[in-house]
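What you are looking at is a predicted structure, and each value in this text was computed from that prediction instead of being measured.
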Amino acid sequence: MAKKSISEKRADREQAENQALRRVFNVFLLGLAAEVYLFLVYRAVTGSIDAMLLCYQTVLPVLSWLGLAMLAVGAVVGYVKRADRKLRAPMAYLGSIGLFLALSGLIMTMFSNDNRGVTTMCVLVPILAVLGLVFLLYQHECFLCTAALSGALFAVWAMGNAANSLIWRVPVIVGMVVAAALLAVIAALVHKARQSEGKLWKVRVFPVECDYRVIYGVLAIAFVCVLAAMIFPAISYYLMWALGILLFAELVLYTTKLM
């Protein structure tokens with residue numbers, strides 16, 4: 001097989017970079033559109049009684065069923081036409097939008113007391129959008145650390161808001177226990193990948209030169225913050241500041257490694 005010339009290699013590299021930038025732009029637009037949609041829902045449910053009832057009893061259920069239909073179409077067509085590369089991306093986007101409409105509608109209608117579901121989605125969507133951008137732009141270990149810190153930050157925020165609520169305190173505590181257990185499982189998987197030189201079940205997830213000390217440190221801090229917020233909800237505000245500063249420092253660290 002003939003080797004590619006320098007110009008061909010440069011063209012392939014530019015094409016790969018353009019595809020990555022296109023994905024980043026698409027994720028940004030989807031996140032922006034989702035936040036605008038949630039803002040409109042928030043304005044509706046915090047307006048008049050008639051608008052709130054119309055939104056919770058009619059609009060959101062209809063959008064949830066529409067989202068399920070879009071998810072089903074995207075999944076079925078994407079699987080049947082998986083060999084067609086032109087249909088693969090549109091069906092993935094269609095399924096993703098459908099999943100968002102279905103899940104967000106379900107969460108906002110199930111947790112409609114004090115509009116907790118809408119508020120939670122307004123906080124959660126920017127976090128997920130940023131995680132998507134980090135996944136596309138940064139190293140896998142950076143994405144894992146960012147996801148752990150962002151998840152811990154969201155959990156601490158939820159605990160601080162539900163600390164004095166008779167309705168939400170127990171469900172949030174259950175979620176905190178699940179989050180702590182998930183962090184422990186992730187740490188065990190990272191240790192397994194380290195023993196296999198960055199591979200997990202024969203799939204490379206981290207580079208050979210990965211600094212596992214940063215990952216272990218981030219997971220440990222996130223775990224401690226989740227437990228501390230669950231036991232002492234009054235310090236949630238200070239834990240959020242600590243996690244936010246650590247998240248910024250972690251992103252700066254991995255940004256310098258890209259240079």
Under 3.5 Å, which donor-acceptor pairs link side chains of residues 56-75 to any protein atom two or more places apart or in another chain?
{"from": "Tyr56", "atom 1": "OH", "to": "Asn115", "atom 2": "OD1", "distance (Å)": "2.7"}
{"from": "Ser64", "atom 1": "OG", "to": "Leu60", "atom 2": "O", "distance (Å)": "2.9"}

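- Within the 4.5 Å cutoff, side-chain heavy atoms of Ser150 are placed close to those of Leu247.
- When side chains are defined from C-beta on, Leu40 does not count as touching Arg43, because their heavy atoms never get closer than 4.5 Å.
- A tilted orientation is assigned to the rings of Tyr216 and His191, their planes being inclined by 30° to 60°.
- Contact of the His140 side chain with the Arg204 side chain is not registered, since no non-hydrogen atoms from C-beta on lie closer than 4.5 Å.
- Tyr238 has its side chain out of reach of Leu243: every pair of non-hydrogen atoms, C-beta onward, lies at least 4.5 Å apart.
- Looking at heavy atoms from C-beta onward, Phe206 lies in side-chain contact with Ile215 at the 4.5 angstrom threshold.
- Between Tyr254 and Tyr138, a ring centre-to-centre spacing not shorter than 6.0 Å is recorded.
- Annotation: side chain of Thr146 is in contact with side chain of Glu250 (closest heavy-atom distance under 4.5 Å).
- Summarising the geometry of Ala187 relative to Leu219, their closest heavy-atom pair is CA-CD1, 3.7 Å, with the distance given to 0.1 Å.
- Relative orientation of the Trp241 and Tyr237 rings is perpendicular, given thresholds of 30° and 60° on the angle between their planes.
- Taking the side chain as every heavy atom from C-beta outward, Ile173 and Met159 approach each other to under 4.5 Å.
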